[in-house]
Amino acid sequence: MSIQHVAVIGAGTMGNGIAQVCALAGLDVTMVDVSTAALERGRSTIASSLDRLVQKEKLQPARRNETLQRIHTSTAYQELKSAGLVVEAATENLELKLRILREIETVVSEEAVIASNTSSISITQLAAVLTRPGRCIGMHFFNPVPVMSLLEVIRGLQTSDTTHALALEFARVVGKTPITVRNSPGFVVNRILCPMINEAIFVLQEGLATAEEIDAGMKLGCNHPIGPLALADMIGLDTMLAVMRVFHEGFADPKYRPALLLKEMVDAGRLGRKTGQGFYSYGGR
C-alpha cells in the first residue's frame with residue numbers, strides 16, 4: 001500500500017483504537033486532539049491494550065514497544081501534512097465533523113484521502129464541504145476497534161473509484177474485513193442494530209420486563225452475545241440518541257423516533273459505561 005503515514009483526529013475510544021490497529025500493522029500514526037490531556041489518555045489506553053495482548057502471549061514485548069513508538073501525538077493540524085490518509089474520529093456531531101474536515105483539507109496534500117469514522121452521518125454531505133470531494137470516504141470501524149474485524153466502507157455520491165480502492169486495501173492492511181455499502185442513514189449494520197436497541201428501550205420504558213430480563217431474553221432466545229441494553233451502555237446513550245435522530249430526520253418515518261426514556265437518560269447524563277451509569281451501574285453516578 002502506498003500510504004505509510006495515517007493521521008487520526010480524535011484520541012477517544014474510537015480514535016485510539018484506530019491508531020492502535022494502524023500502528024500494529026506497521027504504519028506511522030499521528031493522533032491529533034484538542035488537548036494534551038486527551039492525547040495522554042488515548043496513548044495510555046493504547047499502552048494498556050497492548051500490555052493485555054502481551055500478557056495473553058498474543059504479542060511480543062518488542063513488537064509492543066515498536067507499535068507505541070510508531071504513534072505520535074499532537075494538538076496541531078500541521079502534523080497532518082505528510083499523511084496519505086486522515087481518519088476523522090470525532091464525536092457524532094455534523095457541524096463538528098464538517099469543521100474538522102475543512103481544517104484537514106487546508107493542511108494535507110492534494111493526493112491525501114480523507115475518511116470519516118461516522119456511524120450515521122451522510123458521507124455525501126460531509127464530502128460536499130471539501131474542494132476535492134472525490135477523496136472523501138466513510139470508514140466505519142466498530143467498537144472495540146482492536147477486536148472487531150468489520151469495517152464498513154461507505155461511498156458518497158462524489159467518492160472516486162481510486163479512493164474506494166485505497167480504502168479497501170487499507171482495511172485489509174490493518175486486518176479488517178471491509179464491506180462496501182451505499183450512502184444511507186445508518187449504512188447497513190446500524191440501520192439494523194440501532195432500531196432494535198431503541199425498541200428494547202421502548203420495552204423497558206413500557207415496563208414489560210426489567211433490563212436484566214430483556215437482555216437475558218435476547219441472549220438466550222436469539223443467541224446474541226450481549227443484550228441490547230448492555231450494548232447501548234457500551235456504545236454510549238448519547239451516540240445512540242444521535243443515530244436515532246439522524247434516522248428519524250433522514251427517513252421521515254415515525255418508526256425511527258427515539259424512545260422517550262433514551263432522551264431522559266441522556267438529559268440526566270446517564271450515558272452508559274463512560275459515565276458509570278446507564279441502564280446498568282458501573283460504579284459511577
Side-chain angles (χ1 to χ4, degrees), residues 1-54 58-92 96-97 100-101 103-104 107-108 112-119 137-153 166-178 234-236 239 274:
M1 188 176 67
S2 58
I3 291 173
Q4 293 301 315
H5 178 198
V6 177
V8 181
I9 308 299
T13 301
M14 299 304 294
N16 68 58
I18 296 167
Q20 177 178 324
V21 297
C22 289
L24 268 173
L27 303 175
D28 292 324
V29 180
T30 299
M31 190 165 60
V32 176
D33 211 313
V34 294
S35 71
T36 54
L39 291 166
E40 288 170 2
R41 286 193 299 272
R43 191 175 181 83
S44 176
T45 299
I46 294 170
S48 297
S49 176
L50 295 174
D51 287 342
R52 286 192 294 273
L53 291 176
V54 171
K58 294 182 177 180
L59 186 70
Q60 292 298 316
R63 191 175 173 211
R64 177 261 188 205
N65 295 335
E66 291 169 4
T67 299
L68 273 179
Q69 289 171 3
R70 290 192 189 100
I71 301 172
H72 307 279
T73 61
S74 179
T75 57
Y77 274 68
Q78 286 299 318
E79 298 297 322
L80 311 181
K81 190 169 290 187
S82 64
L85 168 66
V86 182
V87 182
E88 170 275 310
T91 305
E92 197 75 349
L96 174 62
K97 288 181 180 292
I100 289 172
L101 293 182
E103 193 163 356
I104 290 170
V107 178
V108 297
V113 169
I114 300 175
S116 176
N117 181 53
T118 179
S119 58
I137 196 163
M139 290 185 185
H140 180 207
F141 291 82
F142 289 78
N143 185 28
V145 178
V147 176
M148 303 297 281
S149 61
L150 180 66
L151 177 63
E152 280 187 318
V153 176
L166 187 143
L168 295 178
E169 186 180 5
F170 165 77
R172 298 184 183 106
V173 166
V174 299
K176 302 303 179 188
T177 301
M234 185 181 295
I235 293 168
T239 300
K274 59 187 170 184

Engineer: Grab the two heavy atoms, one from A11 and one from A38, that are nearest each other, plus how far apart they are.
Structural biologist: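 Taking every non-hydrogen atom into account, CB-O, 3.6 Å.
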Engineer: Return the minimal non-hydrogen interatomic distance between V153 and A167, and the atom names on each side.
Structural biologist: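 Where V153 meets A167 most closely, the heavy atoms are CG1-CB, 4.0 Å.
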Engineer: Is a side-chain N or O of S44 found less than 3.5 angstrom from the main chain of E40, in a donor-acceptor match?
Structural biologist: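 Answer holds: no.
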Engineer: Assess whether side-chain contact (heavy atoms from CB on, under 4.5 Å) is satisfied between F170 and L85, documenting all intermediate values.
Structural biologist: CA-CA 9 Å; F170 165 77; L85 168 66; 3.7 Å; yes
Engineer: With sequence neighbours excluded, what pairs up with Y77 under the ring-ring contact (aromatic ring centres under 6.0 Å, His included) test?
Structural biologist: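 With neighbours one apart ignored, the set is empty.
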Engineer: Looking at CG of L80 and OG of S74, how far apart are the two atoms once the value is rounded to the nearest 0.5 Å?
Structural biologist: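 Interatomic distance, L80 CG to S74 OG, rounded to 0.5 Å: 8.0 Å.
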Engineer: Looking at side-chain heavy atoms only, is the closest gap between N143 and M148 below 4.5 Å?
Structural biologist: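 Result no, sub-4.5 Å side-chain heavy-atom pair not found.
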Engineer: Using the test side-chain contact (heavy atoms from CB on, under 4.5 Å), find all partners of V34 that sit at least two apart in sequence or belong to another chain.
Structural biologist: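 Partners of V34 under the side-chain contact (heavy atoms from CB on, under 4.5 Å) test: none.
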Engineer: Looking at residues at least two apart in the chain, or sitting in another chain, which of them share a side-chain contact (heavy atoms from CB on, under 4.5 Å) with A37?
Structural biologist: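 In terms of side-chain contact (heavy atoms from CB on, under 4.5 Å), with neighbours along the sequence ignored, A37 is linked to S35, R41.
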Engineer: Can you check whether T67 reaches I46 side chain to side chain, under 4.5 Å on heavy atoms?
Structural biologist: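 They are not in contact (no side-chain heavy atoms under 4.5 Å apart), so the answer is no.
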Engineer: Among residues at least two apart in sequence or on other chains, which ones pass side chain to side chain donor-acceptor pair (under 3.5 Å) with Q69?
Structural biologist: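 Partners of Q69 by the side chain to side chain donor-acceptor pair (under 3.5 Å) criterion come out as none, since no residue qualifies.
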Engineer: Between L50 and L24, is any pair of side-chain heavy atoms under 4.5 Å apart?
Structural biologist: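 Of all side-chain heavy-atom pairs linking L24 with L50, at least one is under 4.5 Å.
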Engineer: Is there a donor-acceptor pair closer than 3.5 Å between any side-chain N or O of N117 and the backbone N or O of F141?
Structural biologist: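 Yes: the side chain of N117 pairs with the backbone of F141.
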Engineer: At their closest point, which heavy atom of M31 faces which heavy atom of A19, and how far apart are they?
Structural biologist: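 Between these two residues, the closest heavy atoms are SD-CB, 4.0 Å.
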Engineer: Sequence neighbours left out, what passes salt bridge (Lys or Arg N to Asp or Glu O under 4.0 Å) with R70? Give chain and number order.
Structural biologist: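 Partners of R70 under the salt bridge (Lys or Arg N to Asp or Glu O under 4.0 Å) test: none.
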Engineer: With sequence neighbours excluded, give me every side chain to side chain donor-acceptor pair (under 3.5 Å) pair touching residues 5-20.
Structural biologist: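 Qualifying pairs: H5-T30, H5-S82, Q20-S49.
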Engineer: What's the verdict on side-chain contact (heavy atoms from CB on, under 4.5 Å) for L68 and R43, showing C-alpha distance, side-chain angles and the deciding distance?
Structural biologist: CA-CA 8 Å; L68 273 179; R43 191 175 181 83; 4.2 Å; yes
Engineer: By side-chain contact (heavy atoms from CB on, under 4.5 Å), which residues pair with T75, not counting sequence neighbours?
Structural biologist: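 Here the qualifying residues are T36, L39.
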Engineer: Give me the atom names and distance for the closest heavy-atom approach of A90 to L96.
Structural biologist: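 Scanning both residues, the minimum pair turns out to be CB-CD2, 3.9 Å.
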Engineer: Mind listing the closest non-hydrogen atom pair of G236 and K274 along with its distance?
Structural biologist: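 Scanning both residues, the minimum pair turns out to be CA-CE, 4.1 Å.
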Engineer: Donor-acceptor check, side chain of R172 to backbone of P178, threshold 3.5 angstrom: yes or no?
Structural biologist: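 Such a contact is absent between R172 side chain and P178 backbone.
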Engineer: So, for I18 and V145, which heavy atoms are closest and what is the spacing to 0.1 Å?
Structural biologist: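 Between these two residues, the closest heavy atoms are N-CG1, 3.8 Å.
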Engineer: Suppose we screen for side-chain contact (heavy atoms from CB on, under 4.5 Å). Which residues come up paired with K97, at least two apart in sequence or across chains?
Structural biologist: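 For K97 the side-chain contact (heavy atoms from CB on, under 4.5 Å) partners, ignoring immediate neighbours, are E88, E92, S116, T118, I121, L126.
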Engineer: Show, in sequence, the C-alpha distance, side-chain angles and deciding distance for I3 and L27, and conclude whether the side-chain contact (heavy atoms from CB on, under 4.5 Å) test is met.
Structural biologist: CA-CA 8 Å; I3 291 173; L27 303 175; 5.6 Å; no
Engineer: Going by the rule side chain to side chain donor-acceptor pair (under 3.5 Å), which residues pair with K176 if we only count those two or more places apart in sequence or in a different chain?
Structural biologist: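 Applying side chain to side chain donor-acceptor pair (under 3.5 Å) to K176 gives none.
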Engineer: Using side chain to side chain donor-acceptor pair (under 3.5 Å) as the criterion, list what pairs up with D51, not counting sequence neighbours.
Structural biologist: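 Only R64 meet the side chain to side chain donor-acceptor pair (under 3.5 Å) criterion with D51.
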Engineer: Run the side-chain contact (heavy atoms from CB on, under 4.5 Å) test on V54 and Q60 for me, step by step, so that the C-alpha distance in whole Å, both residues' side-chain angles and the decisive distance to 0.1 Å come before the verdict.
Structural biologist: CA-CA 6 Å; V54 171; Q60 292 298 316; over 6 Å; no
Engineer: May I have all residue pairs that pass salt bridge (Lys or Arg N to Asp or Glu O under 4.0 Å) and include part of residues 15-37, sequence neighbours excluded?
Structural biologist: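 For residues 15-37: none.
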